[in-house]
Enquirer: 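One structure, as structure tokens, below. Some questions next.
Here, residue 1 is the first one in the sequence, and each next residue gets the next number. Please read all numbers here as calculations on a predicted model, not as lab measurements.
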Amino acid sequence: MDGVRRIGTEVYSNYNNGSDGTILFPALRKLDLSRMLNLEEWTDVMEPATTTGLMVFPCLEELSIQFCNQLKSAPCFFSSLKKLLIRDMCSTTFENIISKLTTLTSLEVWNISGLACLPEKLLQKNASLMSLTVAGWADLVSIVSHEDVWAFCTSLRSLKIKVCWKLQIQGVPSHLQRLEISGCVTLPTGLQSCTSLTLLEIQRCDKLKSIPNLGQLRSLTQLKIRYCDNLISIPDLRGLHSLIELRICHCPKLTSLPEGLESLTRLKTLAIGKFCEELDDFPSLVSIEHLHASLQHLELRGWPKLKSIPDNIQVLTALESLFISHFEGMETLPEWLTKLSSLQILEIFRCSKLKESCAIGGKERYRIAHIPDIRIY
């Protein structure tokens, strides 16, 4: 509604319970304002007071304000708010909206102009905050003004940081369970102390060249490292005995897999490649032979030079699904593929020389005839 410049008090006028004062929007639980590009003012009703019994949005639990970047004023009385999403807003309006919040469990903030870090009181007063996302924030220099502020975030379990190029991450709460970092220059300091982490995702961090030692993250079940164009090394993964899913994909300067894969005895899903295109062969997968009894899902992403998939795969007798993509030089499938008797799904994507020969009636079809679900793109 590009023509709307003001939401006035008339929007509240028809809500009255007729007894103990006035209740405005007595049942509303979710409110979204989106793409009101010329909205400048959202007028607050008169300030709630115990003497009048006035209540505004008493049941509102979710509020989303996105792409209303001309908004200069908005209410601040949201006594039951649990989830708040703010995107593209000036700092004064944002700070007014959050000034009285004490019940948040989820906060997602995108691009607050003129604000270099989250207001300290916001984290201090919302001790129940469990999920925090900061994203697309051009002016963000630090999430918190100093590391001690994290001490107030005793309930925080999930932290997502996306596309904040100026950000220097000064530590993170040690009790985090999920940490997702995308489009940042550096990783948080003190990452090794997050021993409760179950998910760590690092992607599109173009300037990242290495990753610190992760050996202390013994609760980690998912590790995803993707689209890091300058990453040249990943530390030894020994010690990550809880790991169930590992994805190392689209890191074009990697020339080898991390050490310690053989120790990941609980690993069920492995996705690897594409790596340095100067390599004539896929990096050795000898270390995953020890996973023959656990690994169920394998994804391999190649590059034009490669003419075959690694032979080590034939020992993975528990494998249920196999995804092969971008092996553009591969003309035939290996004979040993018939040995993978547990294989239920085979996906072949962008392997141009294989596509025709593996299609119904093709000369390679007999090698995969035992697989119930075959998908060729």
Enquirer: For side chain to side chain donor-acceptor pair (under 3.5 Å), just list the numbers for E289 and N312, CA-CA rounded to whole Å, side-chain angles, deciding distance to a tenth of an Å, and then say yes or no.
Expert: CA-CA 6 Å; E289 292 182 4; N312 313 88; 2.8 Å; yes

Enquirer: Could you please spell out the steps behind the side chain to side chain contact (heavy atoms under 4.5 Å, CB included) verdict for I161 and I169?
Expert: CA-CA 9 Å; I161 306 168; I169 310 170; 3.7 Å; yes

Enquirer: Please work out whether the ring planes of F78 and W42 are parallel, tilted or perpendicular, with thresholds of 30° and 60°.
Expert: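 The arrangement is tilted - the two ring planes meet at 30° to 60°.
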
Enquirer: Would a hydrophobic clustering, with Ile, Leu, Val, Met, Phe, Trp and Tyr connected at side-chain separations under 4.5 Å, put I345 with L337?
Expert: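 They do not share one cluster, since no chain of ILVMFWY contacts under 4.5 Å joins I345 to L337.
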
Enquirer: Other residues, nucleotides and ligands only: do more than 12 of their heavy atoms fall within 6.0 Å of NZ on K305?
Expert: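 Yes, because the 6.0 Å sphere around NZ of K305 holds more than 12 heavy atoms from other groups.
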
Enquirer: Side-chain heavy atoms nearer than 4.5 Å, only ILVMFWY residues, links allowed to pass through others: does that put V163 and I143 together?
Expert: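 Shared cluster, no.
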
Enquirer: Please state whether the rings of W303 and F282 are parallel, tilted or perpendicular, taking 30° and 60° as the class boundaries.
Expert: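 W303 and F282: parallel rings.
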
Enquirer: For A127, does its backbone N or O pair with a side-chain atom of S155 as donor and acceptor, under 3.5 Å?
Expert: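 Looks like yes, one N/O pair under 3.5 Å.
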
Enquirer: Using atom types as modelled and distance alone, determine if a side-chain donor or acceptor of E95 lies under 3.5 Å from a backbone N or O of T92.
Expert: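 No, because the side chain of E95 does not come within donor-acceptor range (under 3.5 Å) of the backbone of T92.
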
Enquirer: Under 3.5 Å, side chain of S342 to main-chain N/O of E320, donor-acceptor pair present?
Expert: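 No; zero donor-acceptor contacts below 3.5 Å.
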
Enquirer: Could you state whether L118 and V141 fall into the same hydrophobic cluster, counting links through intermediate Ile, Leu, Val, Met, Phe, Trp or Tyr residues with side-chain heavy atoms under 4.5 angstrom apart?
Expert: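 In one cluster with L118: V141, no.
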
Enquirer: Short question: side chain of S142, backbone of C117 - any donor-acceptor pair under 3.5 Å?
Expert: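 Looks like no, no N/O pair under 3.5 Å.
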
Enquirer: Does one hydrophobic cluster hold both V315 and L319, with members joined at side-chain heavy-atom distances below 4.5 Å?
Expert: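 Yes, it is one cluster - the side chains of V315 and L319 are joined through contacts under 4.5 Å.
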
Enquirer: State, yes or no, whether a side-chain contact exists between L240 and L264 at a heavy-atom distance under 4.5 Å.
Expert: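 In short, these two side chains touch, coming nearer than 4.5 Å.
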
Enquirer: Is N126 reaching over with its side chain to a backbone N or O of L104, donor-acceptor style, under 3.5 angstrom?
Expert: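 Confirmed, N126 side chain pairs with L104 backbone.
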
Enquirer: Please answer whether the main-chain N or O of Q177 pairs with a side-chain N or O of T198 as donor and acceptor at a distance below 3.5 Å.
Expert: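 Side chain of T198 to backbone of Q177: a pair is present.
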
Enquirer: Which heavy atom of C249 sits nearest to which heavy atom of I272, and what is that distance?
Expert: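 Minimum heavy-atom contact is SG-N, 4.2 Å.
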
Enquirer: Before we go on, tell me: are the rings of W110 and F67 under 6.0 Å apart, centre to centre?
Expert: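 That pair fails the under 6.0 Å test.
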
Enquirer: Ion pair present between E262 and R238, side-chain N to carboxylate O less than 4.0 angstrom?
Expert: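 Here E262 pairs with R238 in a salt bridge, since their nearest N and O are under 4.0 Å apart.
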
Enquirer: How close do C194 and P173 get, counting heavy atoms only, and between which atoms?
Expert: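 Nearest pair, atom of C194 first, then P173: SG-O, 3.7 Å.
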
Enquirer: Spell out, as yes or no, whether a donor-acceptor pair under 3.5 Å connects the side chain of N111 to the backbone of D88.
Expert: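 The answer is no, because no donor-acceptor pair under 3.5 Å joins these two groups.
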
Enquirer: If I compare all heavy atoms of C228 with all of P252, which pair ends up nearest, and what's the gap?
Expert: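 Smallest heavy-atom distance, with atoms named: O-CD, 4.0 Å.
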
Enquirer: Parallel, tilted or perpendicular: which describes the rings of W137 and F94, with under 30° parallel and over 60° perpendicular?
Expert: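 The arrangement is perpendicular - the two ring planes meet at more than 60°.
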
Enquirer: For the residue pair S263 and H241, what are the closest heavy atoms and their distance?
Expert: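 Smallest heavy-atom distance, with atoms named: O-ND1, 3.7 Å.
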
Enquirer: So which heavy atom on L295 is nearest to which on T269, and how close?
Expert: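 Closest approach of L295 to T269: CD1-N, 4.0 Å.
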
Enquirer: Got a salt bridge between E201 and R178, using NZ or NE/NH1/NH2 to carboxylate O under 4.0 Å?
Expert: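 No salt bridge links E201 with R178.
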
Enquirer: So, do I86 and L63 sit near enough that their side-chain heavy atoms are less than 4.5 Å apart?
Expert: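 The answer is no, as the side chains (C-beta and beyond) never meet within the 4.5 Å cut-off.
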
Enquirer: Minimum heavy-atom separation for A318 and A293, please, with both atom names.
Expert: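 Closest approach of A318 to A293, heavy atoms only: CB-O, 3.8 Å.
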
Enquirer: Side-chain contact test, heavy atoms from C-beta onward, threshold under 4.5 Å: evaluate it for I309 versus M330 and give yes or no.
Expert: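 A side-chain contact under 4.5 Å exists here.
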
Enquirer: Give the cluster check for V286 versus L300: same hydrophobic cluster or not, with ILVMFWY residues linked at side-chain heavy-atom distances below 4.5 Å.
Expert: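 No: no chain of side-chain contacts under 4.5 Å links V286 to L300.
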
Enquirer: Using the rule given for salt bridge (Lys or Arg N to Asp or Glu O under 4.0 Å), can you reason through D206 versus R204, listing the C-alpha separation, both sets of side-chain angles and the distance that settles it, and then say yes or no?
Expert: CA-CA 6 Å; D206 295 342; R204 302 190 187 279; over 6 Å; no

Enquirer: If only atom types and distance count, is the side chain of S287 paired as donor or acceptor with the main-chain N or O of L261 below 3.5 Å?
Expert: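 No, because the side chain of S287 does not come within donor-acceptor range (under 3.5 Å) of the backbone of L261.
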
Enquirer: Do other residues, nucleotides or ligands put more than 12 heavy atoms under 6.0 Å from the CZ atom of R6?
Expert: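 Above 12, so yes.
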
Enquirer: Is a donor on one side and an acceptor on the other found under 3.5 Å between the side chain of H175 and the backbone of C153?
Expert: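 Flag set: sc H175 to bb C153 pair under 3.5 Å.
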
Enquirer: Would you find a donor on one side and an acceptor on the other, under 3.5 Å apart, between the side chain of D281 and the backbone of L306?
Expert: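 Here the side-chain-to-backbone pair does not exist.
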
